[in-house]
Amino acid sequence: MTSHRVHNFCAGPCTLPINVIDELANELANFNDSGMSLIEMSHRSEAYDQVHNETIDLLRRLCKVPDEFSILLLQGGASLQFAMLPMNLLQPNESAGYIVSGTWGKKAFGDAKLIGNAYEAWSGANNDFASMPDPTELTIQSGTRYLHITSNETIGGIRLPAFFSTDVRQVADMSSDYLTRDIPWDQFDVVYGGAQKNLGPAGLTVVFVRKTVADAAPNTVPAYLRYATHAVANSLANTPPVFSIWATGKVLRWIEENGGVAGMENRAATRSQMLYDAIDNSNGFYQSPVNPDHRSHVNIVFRLGSEELEKDFLAEATQHDLMNLKGHRSVGGIRASIYNALPTESVESLLEFMSTFANGRG
Ligand SMILES: *Cc1c(COP(=O)(O)O)cnc(C)c1O
């Protein structure tokens, strides 16, 4: 049904499986013979209820979420969680440690400071955010309520190679590496992320929150910003982002059919390694600016010899249908985002182009 598709390396919103796009198109006008679209229907209808709960069930199954956690389908992106999380977790006499590992960790820290006592448990600013901390480098003060981590920094292209094991509970922004690795739930109170990188279209934020933590929020938090409000209402406290939840459910089913989280983890490791090998074996034509031990499996950042050459690279890539390879405007360079649903043939096409381009210019 869908004809021309490019290789889309967009960092977010991301490429979705083509069969999911086709299914959405086919089912859009007349959902399950109801004579109306799902996006025109009441979110209290039986038809929608099924879609809603199926998405939640898939998340619980795929991420092996224990009963102690609620799964919330919210709006406002990961960005709203930068504020909502400290509002719910921090009591006036407590503090929170933040790992400032890049653009996103820094933003999370910025909002937390506005809400309570937050401090930097580690900063990567002096190494240009080119690496993640070693567990021995963390400074966790006494009286710390939680440690905030960003498991994959989408802009810098770095990834925490393994989750920390800490005495204080952790909270994680997993926006860009959702469902690419298992989560050690006993270490965490909250895990959150926008759906639009690895799970589906924009408009949905998936939050996993420990039930006892949701229930313990300070009573000054407004109703809509309380995790407990959404947990009690099964994420139907108000009108949810119906389309995103529907589409995400379909992507989750696709993930399940393709090996689940282990399948996605493998896929990301293998495909990113192919790209890093091409970079490392290019005699310096392509260069990775990040610590080899902390290279992201989903956002592959690299540089060429000059900005001029990078411009040419991007322009020629576009002619080969290799789209959205420009690095984030704050750092420049090239970034290939290869999230869960990106077809492997897109990575292969990029590799082929990188080789041809380097041979022509090298
Ligand atoms: C994209 C991204 C965000 C921002 O997400 P929104 O859903 O657009 O608010 C936050 N954190 C990380 C790690 C991201 O990749």
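Each ligand, and each atom within it, is numbered from 1 in the order the structure gives. Keep in mind that the numbers below use all heavy atoms, side chains included, and drop hydrogens, waters and symmetry copies. Position 1 is the first residue of the sequence, and the numbers go up from there.
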request  = Please say whether more than 12 non-hydrogen atoms of neighbouring residues, nucleotides or ligands are located less than 6.0 Å from CG in N283.
outcome  = no
ask   = Going by an N to O cut-off under 4.0 Å, is there a salt bridge joining K326 and E310?
value =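 No.
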message = So if I only count non-hydrogen atoms and take anything under 4.0 Å from ligand 1, which residues does that give, chain by chain?
response =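 These residues qualify: G77, A78, S79, F82, W104, T150, N152, T154, D173, S175, S176, Q196, K197.
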ask   = Is the backbone of D186 close enough, under 3.5 Å, to the side chain of R169 for a donor and an acceptor to pair up by distance?
value = yes
request  = Given ring pair (Phe, Tyr, Trp, His ring centres under 6.0 Å), test F69 with F208 step by step and report yes or no.
outcome  = CA-CA 6 Å; F69 282 78; F208 303 97; 7.7 Å; no
message = So, using side chain to side chain contact (heavy atoms under 4.5 Å, CB included) as the criterion, who are the partners of S95 when residues are at least two apart?
response = N117, Y119, T144
From W246, F243, Y48, residue fulfilling ring pair (Phe, Tyr, Trp, His ring centres under 6.0 Å) relative to F31 = W246
